[in-house]
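Each chain gets a letter, A, B and so on, in the order the sequences are listed, and its residues count up from 1.
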2 protein chains.
Amino acid sequence: MSPRTPRPAQANSDQLPTRVPVADPSPTRQKLIETAEALFDTEGFHAVGLDRILRTVGISKQAFYRHFESKEDLVADVIHWHDRWWRDNCRKLLAQRVGLDARRQLAEFVTLLVEVLEGDVFRGCFFMNAVAQFPNTSDPIHQAALEAKDNIEAMIRDMALGAGADDPAAFARELGILFEGAFATRHIRPPEHVVPFLRRMAATLFAQRLPPSGNGLAIDQPA
Amino acid sequence: MSPRTPRPAQANSDQLPTRVPVADPSPTRQKLIETAEALFDTEGFHAVGLDRILRTVGISKQAFYRHFESKEDLVADVIHWHDRWWRDNCRKLLAQRVGLDARRQLAEFVTLLVEVLEGDVFRGCFFMNAVAQFPNTSDPIHQAALEAKDNIEAMIRDMALGAGADDPAAFARELGILFEGAFATRHIRPPEHVVPFLRRMAATLFAQRLPPSGNGLAIDQPA
DNA sequence: GGTGCCGGTTGACCTCTAGTCAACCAGTTC
DNA sequence: GAACTGGTTGACTAGAGGTCAACCGGCACC
């Protein structure tokens with residue numbers, strides 16, 4: 001899950017907005033995180049050297065090591081940051097688009113991810129890519145990615161609970177599996193190989209686990 | 001797809017057999033490939049240095065460069081080798097277990113992968129991990145992994161064709177998406193979070209795209 | 001029976017990357 | 001004015017991938 005949503009240069013309020021610093025512990029630190037995120041995303045964690053990041057930010061090595069203990073430390077922070085950013089924007093966008101009704105939010109969530117899947121570039125789930133690049137389960141980076149996955153699943157579970165799912169935890173796991181398959185496949189295939197099937201299977205899952213929706217809301221219809 | 005099936009020490013003829021050199025272009029080369037494969041699988045392509053591989057095989061650096069042009073070259077060959085090995089064993093096993101009936105082979109294919117998903121260790125799909133670790137689409141390693149994915153999809157498509165699927169290509173793509181989701185999720189979750197849903201969705205897909213099977217064969221029932 | 005090649009060895013070397021150490025500087029804050 | 005924060009520079013280490021040169025044993029071939 002969580003593909004790196006390409007942020008539009010001009011963010012209409014209806015689209016995924018460009019990211020905004022959350023707490024801003026230090027402008028330089030934040031700049032390092034966001035610069036690194038962009039580079040890691042397109043080229044992979046290992047392929048991007050510290051020097052690349054430092055040159056891009058315009059900072060010296062010593063200055064970097066005042067903010068982070070190591071490159072590993074930076075990577076873990078990038079993961080945490082991406083996780084928070086992604087969920088915050090999801091929640092914001094869903095509320096903006098369909099209000100606070102959980103059932104409608106769930107349906108819109110699928111729509112939102114389909115939009116991302118239909119983008120020109122798609123590099124898979126940021127967190128799963130991190131897991132693949134740091135396979136050692138005791139690696140802090142690996143663990144940070146797992147944590148992000150847990151957080152996203154919890155978010156879906158909350159919506160499912162609000163929507164009256166028979167088993168919110170199972171619903172969240174199962175929708176997660178569908179998205180995981182869609183994201184992984186979209187990583188290497190065109191959108192049209194993925195989206196129709198995702199819609200169909202999500203509709204099946206909704207029908208199986210959610211109470212019938214009175215308003216005829218059907219997520220398997222194109223917008 | 002294609003998780004690194006843990007090869008049993010004693011291969012019963014009914015289980016996934018230990019691998020056997022196919023053509024054996026050079027024993028040393030083959031030993032390099034298989035040693036590298038095991039290390040890459042557990043620790044990732046970048047984390048494993050050439051020196052580690054060379055020390056394990058017991059060979060000098062110069063000797064290595066007589067067999068491969070570069071580490072990249074070795075990695076690409078490991079991917080190709082794993083692809084061939086995996087498909088060969090799949091076909092062999094399916095024929096062994098259920099004969100040549102395509103419909104039965106498809107059902108058994110699901111069973112086979114479920115067995116793999118239920119193993120103690122599971123590190124995701126070898127090829128998808130490669131894609132994640134070499135995101136540059138023009139990278140020969142990335143392309144080798146894509147090729148492997150194409151080959152596997154073609155294998156499924158052939159079975160679907162034989163089984164009388166309404167649209168063999170769509171069936172193969174869709175079953176692929178289900179497996180992709182199952183593998184990615186199983187990478188970070190226990191089997192029981194994945195397998196029941198995979199069975200359910202595969203059964204749905206079979207019902208949608210394959211002609212009704214006369215013998216009451218149901219893949220959504222546990223063995 | 002040399003010639004040459006194939007697969008292997010050794011050791012020195014280059015470049016890049018992560019990370020360290022030491023010294024220095026400017027602005028804030030107490 | 002002292003101390004802290006965040007920045008600078010340059011020199012350095014260790015480990016990675018990769019190269020170069022020289023050497024060695026077996027074996028095939030004319």
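Taking side-chain N and O atoms only, His67(A) has a distance below 4.0 Å to OP1 or OP2 of dG7(D). Between dG7(C) and Thr28(B), no contact under 4.0 Å exists linking OP1 or OP2 to a side-chain N or O.
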Could you check Lys149(A) against Glu180(A) for salt bridge (Lys or Arg N to Asp or Glu O under 4.0 Å), going step by step and ending with a plain yes or no? CA-CA 11 Å; Lys149(A) 283 302 205 181; Glu180(A) 218 65 80; 3.1 Å; yes

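Contacts between residues 49-56 of chain B and DNA chain D, defined by a heavy-atom separation below 4.0 Å, involve Gly49(B), Leu50(B), Asp51(B), listed by number.
Here the P atom of nucleotide dG17(D) and the CZ atom of Phe45(B) are 14 Å apart, to the nearest Å. Between the P atom of dG18(D) and the CD atom of Glu69(B) lies a distance of 11 Å, rounded to the nearest Å. In this structure, Lys71(A) atom NZ and dA16(D) atom C1' are separated by 13 Å, rounded to whole Å. The CG-P distance, from Leu32(B) to dG7(C), rounds to 12 Å in whole Å. With rounding to whole Å, Asp73(B) atom CG is found 14 Å from dG17(D) atom P. Across the protein-nucleic acid pair, Phe68(A) atom CZ and dG6(D) atom C1' stand 14 Å apart, rounded to whole Å.
Annotation: side-chain contact (heavy atoms from CB on, under 4.5 Å) contacts of Ser60(B) (sequence neighbours excluded): Gln62(B), Ala63(B). Every residue two or more places apart in sequence or in another chain was checked for a salt bridge (charged side-chain N to carboxylate O under 4.0 Å, His left out) with Glu118(A), and none qualifies. Arg189(B) pairs by the salt bridge (charged side-chain N to carboxylate O under 4.0 Å, His left out) definition with Asp150(A), Glu153(A), not counting sequence neighbours. Listed by chain and number, the residues in a salt bridge (charged side-chain N to carboxylate O under 4.0 Å, His left out) with Glu147(A) amount to none (sequence neighbours excluded). Residues passing the salt bridge (charged side-chain N to carboxylate O under 4.0 Å, His left out) test with Arg91(B), sequence neighbours excluded: none. Checked against side-chain contact (heavy atoms from CB on, under 4.5 Å), Ala154(B) has the following partners two or more places apart in sequence or in another chain: Arg157(B).
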Give the table of side-chain donor-acceptor pairs shorter than 3.5 Å for residues 49-58 of chain A, with sequence neighbours excluded, one pair per line with atom names and distance.
unit_1   : atom_1 : unit_2   : atom_2 : d
Arg52(A) : NH1    : Glu43(A) : OE1    : 3.2
Arg52(A) : NH2    : Glu43(A) : OE2    : 2.7
Thr56(A) : OG1    : Arg52(A) : O      : 2.7

Is there any protein nitrogen or oxygen under 3.5 Å from a nitrogen or oxygen in nucleotides 8-12 of chain D, and what are the pairs?
unit_1 : atom_1 : unit_2   : atom_2 : d
dT8(D) : OP2    : Ser60(A) : N      : 2.8
dT8(D) : OP2    : Ser60(A) : OG     : 2.7

